[in-house]
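The next block holds one structure in the form of structure tokens; read it before the comments.
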Protein chains: 2
Amino acid sequence: MTKKERHELILKLITEKEIDNQQDLSNALKKSGIEVTQATISRDINDLKLIKINGIAKKYRYSLPFSQAIISHESAEILSKLVISVVTTSNFIVIKTLDGSANTAANIIDDATFVNVLGTIAGDNTILIVLNTKQDAEVVCQKIKELIKNA
Amino acid sequence: MTKKERHELILKLITEKEIDNQQDLSNALKKSGIEVTQATISRDINDLKLIKINGIAKKYRYSLPFSQAIISHESAEILSKLVISVVTTSNFIVIKTLDGSANTAANIIDDATFVNVLGTIAGDNTILIVLNTKQDAEVVCQKIKELIKNA
DNA sequence: ATTTTTGTTGTATAATTATTATGAGGTGTA
DNA sequence: TACACCTCATAATAATTATACAACAAAAAT
């Protein structure tokens with residue numbers, strides 16, 4: 001196991017789960033077969049420049065600073081082809097996609113790790129994204145539109 | 001507002017929500033129109049002999065030092081393994097599950113027949129439960145959490 | 001083939017931050 | 001007055017994170 005691999009796994013873990021302290025992260029790594037101490041995690045966090053942001057269920061969560069949020073050009077391109085419309089209503093975003101593509105699009109959007117997203121549900125040609133507040137919905141909606149526009 | 005009333009409200013709040021610190025509790029009380037400082041809460045907690053137990057979404061939560069187990073141990077056990085988080089927003093409950101497990105979890109929850117549930121939609125790793133009111137959502141959310149907790 | 005340098009880690013613990021408890025003083029009421 | 005109860009300020013405690021130091025391994029230099 002190299003440090004690089006560990007770093008990658010850390011990034012994966014913190015985007016998949018709300019992890020709010022280094023011991024939890026150490027435990028999560030352990031489940032993936034990588035065993036290091038909190039001290040090492042502390043250094044990793046520092047290397048990766050991770051920050052703590054507000055979580056949904058938890059008070060905090062580790063995260064990449066938003067500027068580094070990850071979505072590949074390729075993904076954005078696919079997204080732009082699949083998505084027909086993006087609208088908000090109260091604390092929801094409703095996205096219409098090509099028939100049968102809602103899931104693909106939803107996965108791409110999920111991977112973009114918008115931190116305020118409570119949950120995402122994809123049907124056949126519709127995605128419903130649930131957020132905490134109307135404001136969150138508007139912000140995230142805008143971000144999604146930008147992703148598509150810049151693809 | 002009497003101290004007794006406040007104590008009762010505190011008990012109500014801590015059973016409905018996962019509250020993990022005194023400031024949060026103070027804030028929650030404020031929303032109900034009762035404004036006291038953390039210092040007072042500290043004394044209330046002491047009066048009520050509340051304890052901190054493990055939460056589901058959060059690391060801790062305040063609780064009465066007893067716990068009433070309610071439903072099918074087997075189902076609850078499965079549920080507890082599948083569910084990652086349970087949160088409410090307006091009149092919805094959003095449940096995150098392990099990938100691919102949303103349907104299984106949704107079925108178990110459906111079987112628990114919460115009377116106020118309007119409908120349940122399961123995606124791949126997210127369940128959306130729609131209820132009549134925000135209050136219903138909070139109550140049912142709490143019940144689901146209890147199911148899991150007591151597993 | 002040794003020796004030196006460099007980088008990485010764990011242990012132990014220091015530093016920091018978050019949370020809770022409490023002393024002192026004020027207000028209202030019997 | 002005596003008492004209950006509160007806030008403010010801050011002390012005490014607990015949780016979390018960072019780091020000094022020693023050990024080790026691998027790469028580089030001699």
Side-chain angles (χ1 to χ4, degrees), chain A residues 1-66 68 115, chain B residues 1-67 84-85 87 145 149:
Chain A
M1 180 271 297
T2 66
K3 183 156 100 168
K4 190 159 186 302
E5 282 169 346
R6 190 176 65 242
H7 281 186
E8 276 161 14
L9 184 52
I10 286 173
L11 291 178
K12 182 164 174 290
L13 287 171
I14 63 159
T15 53
E16 280 176 358
K17 302 182 54 176
E18 295 204 342
I19 290 181
D20 69 344
N21 69 65
Q22 300 179 355
Q23 195 53 58
D24 277 6
L25 188 46
S26 169
N27 296 340
L29 283 170
K30 192 170 178 177
K31 284 185 187 162
S32 301
I34 294 181
E35 201 157 343
V36 286
T37 59
Q38 172 269 323
T40 298
I41 304 280
S42 172
R43 294 176 181 120
D44 288 343
I45 298 276
N46 196 278
D47 292 346
L48 292 167
K49 309 260 183 283
L50 299 187
I51 59 174
K52 271 186 167 181
I53 63 174
N54 288 338
I56 298 163
K58 298 187 175 181
K59 189 161 305 182
Y60 312 111
R61 70 176 295 172
Y62 278 111
S63 166
L64 279 169
F66 186 77
Q68 301 181 34
V115 292
Chain B
M1 178 275 295
T2 67
K3 184 156 98 169
K4 190 160 185 304
E5 283 169 344
R6 190 177 64 240
H7 280 187
E8 277 162 14
L9 184 52
I10 286 173
L11 291 178
K12 180 164 174 293
L13 288 171
I14 63 157
T15 54
E16 281 176 358
K17 302 182 53 177
E18 295 205 342
I19 291 181
D20 69 345
N21 69 65
Q22 300 179 355
Q23 195 53 57
D24 278 6
L25 188 46
S26 170
N27 296 341
L29 284 169
K30 191 169 181 179
K31 284 185 187 162
S32 300
I34 295 181
E35 201 156 342
V36 286
T37 59
Q38 172 269 321
T40 298
I41 304 278
S42 171
R43 295 181 176 110
D44 287 343
I45 297 279
N46 197 275
D47 292 346
L48 293 167
K49 308 259 182 285
L50 300 186
I51 59 173
K52 273 187 166 181
I53 63 174
N54 288 339
I56 296 164
K58 297 186 175 182
K59 189 162 304 181
Y60 313 112
R61 68 177 295 172
Y62 278 111
S63 168
L64 281 167
F66 58 82
S67 170
I84 294 169
S85 67
V87 300
K145 286 179 177 176
K149 189 178 70 183

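Reckoned from all heavy atoms, side chains included, excluding hydrogens, waters and symmetry mates. Quick note on labels: first sequence line is chain A, next is B, and so on, each numbered from 1.
If you check residues 28-39 of chain B against DNA chain D, the residues with a heavy atom closer than 4.0 Å are B:E35, B:V36, B:T37, B:A39, listed by number.
In terms of phosphate contacts, A:Y60 brings a side-chain nitrogen or oxygen within less than 4.0 Å of OP1 or OP2 of C:dA18. Residue B:Y62 has a polar side-chain atom (N or O) positioned under 4.0 Å from OP1 or OP2 of C:dT20. Contact check, A:S42 against D:dT17: no side-chain N or O comes under 4.0 Å of OP1 or OP2. Not one side-chain nitrogen or oxygen of A:R6 sits closer than 4.0 Å to the OP1 or OP2 atom of C:dT8. OP1 and OP2 of D:dT16 both lie 4.0 Å or more from every side-chain N or O belonging to A:K52.
Rounded to a whole Å, the CG atom of B:D20 is 10 Å from the P atom of D:dT16. The CG atom of A:N21 sits 11 Å away from the P atom of D:dA15 (whole-angstrom rounding). Separating the CD atom of B:Q23 from the P atom of D:dC8 is a distance of 11 Å, rounded to the nearest angstrom. Rounded to whole Å, the distance from CG on A:L25 to P on D:dA18 is 12 Å. Summarising the geometry, the separation between NZ on A:K3 and P on D:dA25 is reported as 18 Å, rounded to the nearest angstrom.
The base of D:dT7 sits within donor-acceptor range of the side chain of B:R43, with an N or O pair under 3.5 Å.
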Encode nucleotides 25-30 of chain C as B, S and - characters from 5' to 3', where the letter depends on protein heavy atoms closer than 4.0 Å: B to the base, S only to sugar-phosphate, - to neither.
------
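Contact of the A:K4 side chain with the A:E8 side chain is registered, since non-hydrogen atoms from C-beta on lie closer than 4.5 Å.
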